[in-house]
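Predicted model, so just to flag it, every value in this text is computed and none were measured.
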Amino acid sequence: MTIGLNVVAPIITYNMLSDHGWSEFSALLLSSAWPVLDSVVSLAWRRKLDEFAVVTLVFLVITAVVSLAGAHSARALLIKDSGVTGLFGLLCLATLLAPRPLMFYFGRKFATDGTPGSTAWWNGLWQFETFRTTMNRMTLVWGLAYVTEALVRVFLAYTLETKTMVVVSPIMIYGVLAGLGVWTALYGKRSKAEGERLAAEREAREAREAAAS
């Protein structure tokens with residue numbers, strides 16, 4: 001259902017409305033109702049927002065802002081799509097200068113149930129160097145990946161035919177998203193295991209020191 005409402009339904013809705021004379025911005029706004037619906041259903045059923053839905057909603061918000069620039073040529077529209085993912089990548093990189101990177105807040109949303117206790121637990125993890133490194137590295141990888149993806153698609157927009165790029169562009173968008181999702185899950189599990197190992201070693205060391213004293 002998530003893929004259907006976040007990928008398939010918006011594309012079909014947008015194309016149908018565009019074919020019937022709707023403006024790009026109007027078609028985009030109406031097609032964005034599907035991811036919103038998915039978020040509402042997910043929130044009502046699971047009491048939490050789905051990761052894919054959140055990222056899609058972020059993309060839609062940025063797309064709406066970029067669309068206000070009023071690109072009217074086919075090539076400009078393709079470049080505009082690259083601007084969307086590029087801006088998201090820059091947003092990730094910019095948050096590395098903030099007290100907490102973007103992935104820290106994404107992680108808190110998805111790894112907790114929103115209660116004060118679980119939120120405090122997640123916030124408390126920031127004191128550990130391994131956790132800080134994991135959040136910063138995830139944010140860095142997402143930022144660099146999307147900035148690179150945007151630059152590559154701008155290059156392809158000037159080298160490939162429009163009809164070819166119309167197919168290639170969404171494949172790149174969701175292919176990069178899927179790849180980052182898999183990498184994030186695997187890296188997160190590895191970092192968690194490393195953190196648990198370091199915690200166990202620290203507890204064992206403290207126990208030996210206590211016994212020796």
| Sequence neighbours excluded - ring-ring contact (aromatic ring centres under 6.0 Å, His included) pairs with any residue from residues 189-213 |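 Passing the test, one end in residues 189-213: no pairs.
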| field | Pairs involving residues 188-213, ordered by first then second residue, that meet ring-ring contact (aromatic ring centres under 6.0 Å, His included) (sequence neighbours left out) | value |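 For residues 188-213, and leaving out neighbouring residues, there are no ring-ring contact (aromatic ring centres under 6.0 Å, His included) pairs at all.
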| task | Using the test side chain to side chain donor-acceptor pair (under 3.5 Å), find all partners of Asn123 that sit at least two apart in sequence or belong to another chain. | result |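 Partners of Asn123 by the side chain to side chain donor-acceptor pair (under 3.5 Å) criterion, ordered by chain and then number, come out as Arg108.
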| said: I'd like to check the side chain to side chain donor-acceptor pair (under 3.5 Å) partners of Thr139; sequence neighbours left out, ordered by chain and number. | reply: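 Once residues adjacent in sequence are excluded, Thr139 has no partner under the side chain to side chain donor-acceptor pair (under 3.5 Å) criterion.
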| query | Taking only residues two or more places apart in sequence, or in another chain, which ones meet Arg197 in a salt bridge (Lys or Arg N to Asp or Glu O under 4.0 Å)? | reply |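 Arg197 satisfies salt bridge (Lys or Arg N to Asp or Glu O under 4.0 Å) with Glu194, Glu201 once adjacent residues are dropped.
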| With sequence neighbours left out, what residues match Leu156 under side-chain contact (heavy atoms from CB on, under 4.5 Å)? |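 Val152, Thr159, Leu160, Met165, Val168, Met172.
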Shortest non-hydrogen contact between [X] and [Y], atoms and distance:
{"X": "Leu96", "Y": "Pro101", "value": "CD2-CB, 4.2 Å"}
{"X": "Ile173", "Y": "Tyr146", "value": "O-OH, 4.1 Å"}
{"X": "Gly143", "Y": "Cys92", "value": "CA-CB, 3.7 Å"}

| field | ring-ring contact (aromatic ring centres under 6.0 Å, His included) involving Tyr187 - partner list, sequence neighbours excluded | value |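 Tyr187: ring-ring contact (aromatic ring centres under 6.0 Å, His included) contacts with Trp183.
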| said: Show me the pairs that pass side-chain hydrogen bond (donor to acceptor under 3.5 Å, both in side chains) and involve residues 126-135, at least two apart or across chains. | reply: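 Of all non-adjacent pairs touching residues 126-135, those that pass side-chain hydrogen bond (donor to acceptor under 3.5 Å, both in side chains) are Thr134-Ser191.
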| request: Keeping to residues at least two apart or across chains, list the side-chain hydrogen bond (donor to acceptor under 3.5 Å, both in side chains) pairs with something in residues 86-104. | output: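 Those involving residues 86-104 do not exist here.
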| Would you call the rings of Trp122 and Phe131 parallel, tilted or perpendicular, where under 30° means parallel and over 60° means perpendicular? |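 The rings of Trp122 and Phe131 stand perpendicular, inter-plane angle above 60°.
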| task | May I ask you to list the residues sharing a hydrophobic cluster with Leu97, side-chain cutoff 4.5 Å, ordered by chain and number? | result |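 Other cluster members: none.
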| said: Just verifying a value: how many Å separate Leu144 CG and Leu90 CG, rounded to the nearest 0.5 Å? | reply: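 Between Leu144 CG and Leu90 CG, I get 10.0 Å after rounding to 0.5 Å.
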| query | Does the side-chain contact (heavy atoms from CB on, under 4.5 Å) test come out yes or no for Thr184 and Trp142, once each step is laid out? | reply | CA-CA 9 Å; Thr184 300; Trp142 275 70; 2.8 Å; yes
